[in-house]
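Just so it is clear, the values below take in all heavy atoms, side chains as well, and ignore hydrogens, waters and symmetry mates. All residue numbers in this chain count up from 1 along the given sequence.
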Amino acid sequence: MITGYHLLALSITCILFIFVFLFYKRGKTKKAVILHQFMRLSFLGVLTTGILLVPLMPFSLARGAKLLFGIMSLGMIEIFLMHLNKGDLTKFTTVSFIVFLSITILLGLFLPLGIYLRF
């Protein structure tokens, strides 16, 4: 049940991220700042449900890495958007944001509570 809430919080965060990104890109800073605050609030939902998911399965190195990468991904989202707002977004920030987010998503899919992907 908590997995559904976690996915809901992640979906809300992703949707808010897209809108904040578009508003910052188009120069509508006031709307972007308001939605950015709501996105920060949704971070709390993601963190809370993510931490509540930890005791559902036996703890392993992969689950610890997923937790760590999840927290770092939320930090990278914040860093990415703040640099975008200030206008000094670098290629390193963009690439590291994409790398952290990709690793987090892949770890989440391969762990037992995720979708089993077979190659």
Pairs touching [range] that satisfy salt bridge (charged side-chain N to carboxylate O under 4.0 Å, His left out), sequence neighbours left out:
range          : answer
residues 47-58 : none
residues 6-15  : none
residues 66-85 : Arg40-Glu78

Heavy atoms, side chains only, cut-off 4.5 Å: are Leu81 and Asn85 in contact? no
For the residue pair Ile77 and Met39, establish whether any side-chain heavy-atom pair is separated by less than 4.5 Å. yes
Find the distance between [atom1] ([X]) and [atom2] ([Y]) and round it off to the nearest 0.5 Å.
X     : Y     : atom1 : atom2 : answer
Leu47 : Ile71 : CG    : CD1   : 6.0 Å
Leu7  : Ile12 : CG    : CD1   : 11.0 Å
Leu8  : Thr3  : CG    : OG1   : 12.5 Å
Leu89 : Ile79 : CG    : CD1   : 11.5 Å

Counting only pairs under 3.5 Å, give me each side-chain donor-acceptor contact of residues 27-35, with atom names and distances, residues two or more places apart or in other chains.
unit_1	atom_1	unit_2	atom_2	d
Thr29	OG1	Gly27	O	3.4

Within residues 43-57 or reaching into it, pairs that qualify as side chain to side chain donor-acceptor pair (under 3.5 Å) - sequence neighbours excluded: His6-Thr49
Pairs where residues 89-98 contributes a residue and the test side chain to side chain donor-acceptor pair (under 3.5 Å) is met, not counting sequence neighbours: Thr90-Thr93
Taking only residues at least two apart or on different chains, which pairs with a member in residues 85-108 satisfy ring pair (Phe, Tyr, Trp, His ring centres under 6.0 Å)? Phe17-Phe97, Phe69-Phe100, Phe80-Phe97
Ring pair (Phe, Tyr, Trp, His ring centres under 6.0 Å): which pairs involve residues 24-54, sequence neighbours left out? Tyr24-His36
With sequence neighbours left out, write down each residue that passes side chain to side chain contact (heavy atoms under 4.5 Å, CB included) with [X], or none if nothing qualifies.
X      : value
Ser102 : Ile98
Ile15  : Phe19
Leu41  : Leu44
Ile18  : Leu22

Pick out which of Ile105, Val99, Ile103 makes a side chain to side chain contact (heavy atoms under 4.5 Å, CB included) with Leu101. Ile105
For Ala9 versus Gly45, what's the shortest heavy-atom pair and its separation? CB-C, 3.9 Å
Flag yes if Met72 and Leu109 sit in one hydrophobic cluster, no otherwise; membership is Ile, Leu, Val, Met, Phe, Trp, Tyr, and two members link when side-chain heavy atoms are under 4.5 Å apart. yes
Quick one: do Leu67 and Leu61 end up in the same hydrophobic cluster if we chain Ile, Leu, Val, Met, Phe, Trp and Tyr together by side-chain heavy atoms under 4.5 Å apart? no
